[in-house]
Amino acid sequence: MKLLLQKSDTIGAFSSGLCMVHCLATPLLFIAHASSLCCDNTVPTWWKSIDYFFLVVSFFAVYRSTQTTSKSFIKPIMWFCWILLCLTIINESIQLIPIKEIFNYIPAISLIILHIYNLKFCQCKTENCCTN
């Protein structure tokens with residue numbers, strides 16, 4: 001937990017990147033799984049739960065990054081992207097609204113970019129610059 005508090009942007013960008021790799025790998029794993037087993041195209045429960053693991057990690061990374069950023073405009077943008085990521089993951093699980101797969105990657109890519117931007121340009125130089 002101490003690592004998350006100190007390196008929230010690094011962990012957030014890494015987590016969002018892994019989430020994207022996970023989402024990109026899913027169709028490939030389905031193809032491999034479908035070709036190896038006849039007529040069984042169910043997704044393993046552990047594979048589905050990885051989405052929510054990344055979502056929880058990214059929540060804490062966004063929470064901590066928004067506490068320590070020196071730029072106030074980053075905060076609402078990060079939270080908007082996280083909420084959008086959360087909604088796309090939930091929508092993908094329950095299939096409420098049909099959305100093209102490419103739109104699921106937009107919030108993850110946005111969070112990666114925002115965490116990297118925040119890491120490079122928005123870090124507090126003194127203890128008094130961040131508002132809690």
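All heavy atoms count here, side chains included; hydrogens, waters and symmetry mates do not. For the single chain, residues carry numbers from 1 onward in sequence order. All values derive from a computational prediction rather than experimental measurement.
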Rounded to the nearest 0.5 Å, what's the gap from [atom1] on [X] to [atom2] on [Y]? Could you check?
X    : Y    : atom1 : atom2 : answer
T68  : L119 : OG1   : CG    : 10.0 Å
L111 : M78  : CG    : CE    : 6.5 Å
T88  : I97  : OG1   : CD1   : 11.0 Å
H115 : I74  : NE2   : CD1   : 10.0 Å
N104 : L85  : CG    : CG    : 9.0 Å
S72  : I77  : OG    : CD1   : 9.5 Å

Is D51 reaching over with its side chain to a backbone N or O of I89, donor-acceptor style, under 3.5 angstrom?
-> no

Heavy-atom donor-acceptor pair, S58 side chain to L55 backbone, under 3.5 Å = yes

Test item: V56 and F59 side chains (from C-beta on) under 4.5 Å apart, heavy atoms | no

Just say parallel, tilted or perpendicular for the rings of W79 and W82, cut-offs at 30° and 60°.
-> perpendicular

Residues which pass side chain to side chain contact (heavy atoms under 4.5 Å, CB included) with [X], listed by chain and number, not counting sequence neighbours:
X    : answer
I106 : F103, S110
F80  : L84
I83  : L87

I94, CD1 atom: more than 12 neighbouring heavy atoms under 6.0 Å = yes

Run the numbers on S93 and Y52 for side-chain hydrogen bond (donor to acceptor under 3.5 Å, both in side chains), then give the verdict.
-> CA-CA 10 Å; S93 296; Y52 295 101; 2.6 Å; yes

Partner residues of F53 under the ring-ring contact (aromatic ring centres under 6.0 Å, His included) criterion, sequence neighbours left out | none

